[in-house]
Amino acid sequence: MTIHIGAAPGDIAETVLMPGDPLRAKWAAETFLDDAVCVNRVRGMLGFTGTWRGHRVTIHGSGMGMPSISIYANELVRDYGARTLVRIGSCGGMQPHVKLRDVVIAMTASSVSTPSSTIFREVNFAPAADFGLLRAAAEAARRLGVPHHVGGIYSSDTFYDEREDLNAVLTRHGILGVEMEAAELYNVAARHGARALGIMTVSDHLQTGEALPAAEREQSFADMVRIALEAAFA
Ligand code: HPA
């Protein structure tokens with residue numbers, strides 16, 4: 001047990017998929033895993049461990065925002081021995097060619113700051129995905145016929161962001177989408193020699209104002225789970 005995870009030692013697999021929403025973790029475990037058992041429910045942050053094609057996998061919620069994912073990623077890696085962490089979430093599209101429902105595979109994650117900024121001090125560390133996972137996810141997305149983009153994203157601390165100038169600068173520098181967790185996930189993984197990747201469905205678009213209806217999010221979420229599982233065990 002850790003402060004935020006009630007699982008017994010050995011209950012967590014080396015490969016962990018991390019949706020933001022704990023109920024998505026439950027849905028994904030019930031839909032994709034065999035013999036899934038609930039291993040955490042502390043603060044309602046559900047985690048499940050089961051098998052996919054014979055491989056042991058944990059699907060554990062991350063919560064929203066970098067402080068939240070930082071807590072879970074730290075405990076999963078340091079206390080439970082997780083070695084591969086794949087975020088599956090949503091993002092806001094920031095380029096005209098990045099359409100609603102497309103999948104964004106995050107090669108890098110820019111930010112204004114992260115919970116690791118105090119450690120890096122004056123260094124502008126470049127949080128980056130594990131290349132093997134990145135390549136395998138892109139190949140899986142292509143095989144599954146899921147429209148996708150590979151490139152940089154922006155991990156923001158605010159959903160209700162009023163800095164339109166900041167979004168404009170990031171768009172001008174080719175950033176594909178905005179979400180709120182990947183940069184810190186990449187930082188924590190780098191610090192502990194683990195592999196990390198963020199895969200995000202475009203659920204809304206900053207330029208067009210469009211948003212995906214709730215019912216359609218499930219289909220996109222299922223595509224991401226498939227991509228994440230295939231990438232993790234490629
Ligand atoms: N902003 C921040 N995070 C997000 C967004 C957004 O527009 N969409 C999904 N996650």
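Just follow the structure's listing: the first ligand is 1, and inside any ligand the first atom is 1.
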Salt bridge Arg87-Glu181, side-chain N to carboxylate O under 4.0 Å: yes

Do Phe221 and Ile59 sit in the same hydrophobic cluster, where Ile, Leu, Val, Met, Phe, Trp and Tyr count as joined when their side-chain heavy atoms come under 4.5 Å apart? yes

Geometric class of the His149/His97 ring pair [parallel <30°, tilted 30-60°, perpendicular >60°]: perpendicular

Main-chain N/O of Ile175 paired with Gln95 side-chain donor or acceptor, under 3.5 Å: yes

Any sub-3.5 Å donor-acceptor pair from Thr58's side-chain atoms to His60's backbone N or O? no

Under the side chain to side chain contact (heavy atoms under 4.5 Å, CB included) test against Arg195, which residue among Leu134, Thr15, Asp130 passes? Asp130

Exercise answer, ligand 1 polar atom pairs (N/O) under 3.5 angstrom:
{"unit_1": "ligand 1", "atom_1": "7 (O)", "unit_2": "Asp204", "atom_2": "OD2", "d": "2.9"}
{"unit_1": "ligand 1", "atom_1": "8 (N)", "unit_2": "Gly92", "atom_2": "N", "d": "3.3"}
{"unit_1": "ligand 1", "atom_1": "8 (N)", "unit_2": "Asp204", "atom_2": "OD1", "d": "2.7"}

